[in-house]
Amino acid sequence: MYYLINIFSYDFVKILFGNVISTILSFARAMLLPPLFLKFWGVDDYAIWVYLLSLVSIIAFLNLGLNIYGVNKLHKLFILKRSIFNRVKNILITSFILLNSIGLLVGTVFIFLHKENALILELLIITALISNICGFLAGLFRSYDKDYIGIFINNIYTIVLIALTSLLLFFEGYMYELAILLILLSLARLIATYLILKINFNFNFNFNFNFKYIYLIIFKSIRFLSFQLSNFLKLDMSIIILQFFLNSTSIVMYVLHRTIANILNQSVLILNNSLFQHISKNYTLKKHHEINATYNMQQKIILMIGLMLLLIISLIYEDIMNLWLGDSSLDFIDKDIMTLFVLSVIFSSLWNGATVFLSAIPKHEKMSNYVIYNSALFVILSIPGVIFYKIYGILYALLFVEIVFGLIIQIHIVDVLTIKRTLVYKQYLQLFVILGLFFIIDSLINELHLKFLIGVGILLIIEFLFFDTGDIKYVKRFIKGG
């Protein structure tokens, strides 16, 4: 018991625990709410809601990367130059507020183009702007070396959001009521975050408009926008493409299968969010060997989680869909779609997990370009893909870019970290061999129990080959020093 209490005294463990809870809640939200939307709203209205959320997501670009760059800069100042911490903090927050105010103007364009859903769009745009500011303020906890506080605030918000959205749907609330609920919850989160910063860190804000400094900050921070642009192109443009070329059923089918596959992405988020502060701190202290060791361990963990997800999907995919959606599952079951999604996510998680190492240090510029090229090529290939192969075409495009650009991005990252490229080549070769074995077993063996035993056996062999006693010692040392 003492050991458990003692281990939670480490900030890294608090951050990791908070991120695990955050991932569980995100997964719960993704699994619990879609069946309710389908039951109470139907396929067509739920597809419209998803489409509107995809449009509004472009508002996130208005922070121009300040939520990442600004927090990184403040964290570094907090460690090395606290004398100018407050002045830079005020300029950053001023910049952030001004940029998000522009969102009201951008929002009018969406409203003009979608007059039939104008009020809902307006409410969602306001929610997105408030959420942008909430996210930036929550990130300030990382600047004070207390990242876990912001994570726990977000977890409480998600719990309340899931509960109240479910209640609203049960009482037959529609899009207008849900949009108003989102605004109220976002405002409550904003106020709570500000008060906690004020009480615990004597946080104060004075409007400080310094055009020259703001220009320099935005010039540097805009490079971080590549990750948000990449997410928009992959997550939201895919929905817009499906809305334009196909139908509501295709959108819902795509979103449902992406939700299951994103279990792996959520695991990567746990690792990345938990490692960000650790990497940034070690870079500031010039402990480069520690960063390289962390990279090696992170990649092994991601690969193991991805292979376990693939095994689970190959065994009980239909059971998962039936349990999740009930009678509605018959309209959406398609194992080929699920397999393509999981394969894409395995490859994307490897390179996406690696990006945190350059995002946490000021060496991300070239990588940012590769990330944008990755997503832009996906959109370009998706359009003819959807035209010729329907929903499968967009998944073929996704898998192709994740494999090709994933390799390019990872090679660049290991070059920057001065790690040998052979590590990446070996990793990809091992992954292709393992995937080949999985699909041979899946096609030749129909007995579920036998398939399970062989699959688990392969995973145990992989674990034995990948991990050694040195890795265990590193994890113990990392937790204590994290």
Side-chain angles (χ1 to χ4, degrees), residues 11 14-15 18-19 21-22 25-26 56 59-79 82 84-104 107 123-165 179-210 213-214 217-218 221 224 228 273 276-277 280:
D11 280 356
K14 294 176 184 177
I15 294 170
N19 281 321
I21 298 300
S22 178
L25 290 173
S26 295
V56 171
I59 297 297
F61 295 137
L62 294 172
N63 61 47
L64 297 182
L66 280 175
N67 56 332
I68 300 176
Y69 172 77
V71 170
N72 284 358
K73 187 171 184 65
L74 288 175
H75 184 225
K76 190 172 182 178
L77 291 175
F78 186 76
I79 296 173
R82 293 196 185 185
I84 61 171
F85 176 83
N86 282 326
R87 184 169 67 87
V88 175
K89 177 199 67 182
N90 287 333
I91 294 174
L92 280 169
I93 296 176
T94 300
S95 307
F96 202 81
I97 292 173
L98 290 174
L99 287 171
N100 278 273
S101 299
I102 299 172
L104 294 174
L123 295 173
L124 290 177
I125 288 166
I126 295 171
T127 301
L129 294 171
I130 297 172
S131 296
N132 273 358
I133 298 172
C134 282
F136 183 77
L137 289 181
L140 290 179
F141 289 109
R142 186 185 300 150
S143 302
Y144 295 105
D145 258 348
K146 299 294 180 185
D147 197 14
Y148 59 88
I149 299 178
I151 295 169
F152 282 111
I153 292 173
N154 184 63
N155 288 345
I156 293 170
Y157 166 79
T158 306
I159 291 171
V160 175
L161 176 64
I162 294 171
L164 293 184
T165 301
I180 291 171
L181 174 65
L182 292 178
I183 286 182
L184 295 176
L185 288 178
S186 297
L187 283 172
R189 180 187 172 197
L190 177 64
I191 294 169
T193 303
Y194 173 79
L195 290 176
I196 292 171
L197 282 167
K198 181 74 174 176
I199 293 169
N200 289 279
F201 304 102
N202 196 27
F203 174 82
N204 58 76
F205 166 64
N206 296 309
F207 196 84
N208 190 339
F209 184 81
N210 184 321
Y213 197 80
I214 288 175
I217 288 174
I218 291 176
S221 70
F224 283 95
Q228 291 168 296
N273 290 335
F276 200 104
Q277 180 175 302
S280 179

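Computed over heavy atoms, backbone and side chain alike; hydrogens, waters and symmetry mates excluded.
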For Asn154 and Ser22, run side-chain contact (heavy atoms from CB on, under 4.5 Å): C-alpha distance rounded to whole Å, both residues' side-chain angles, the deciding distance at 0.1 Å, then the answer.
CA-CA 8 Å; Asn154 184 63; Ser22 178; 4.0 Å; yes
Chi angles and distances behind the side-chain contact (heavy atoms from CB on, under 4.5 Å) call for Leu182, Leu123
CA-CA 8 Å; Leu182 292 178; Leu123 295 173; over 6 Å; no
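Expressed to the nearest 0.5 Å, how far CD1 of Ile126 lies from CD1 of Ile183 amounts to 4.5 Å. Between Ile130 atom CD1 and Leu184 atom CG the span is 9.0 Å, to the nearest 0.5 Å. Separating the OG1 atom in Thr193 from the OH atom in Tyr157 is a distance of 10.5 Å, to the nearest 0.5 Å. From Leu161, atom CG reaches atom CD1 of Ile156 across 13.5 Å, with rounding to the nearest 0.5 Å. Distance check: Ile149 CD1 to Ile196 CD1 gives 7.5 Å after rounding to the nearest 0.5 Å. To the nearest 0.5 Å, atom CD1 of residue Ile191 and atom OG of residue Ser186 are 11.0 Å apart.
Minimum heavy-atom separation, Leu181 to Thr165: CD2-N, 4.0 Å. The heavy-atom pair separating Leu124 from Val56 by the smallest distance is O-CG1, 3.6 Å.
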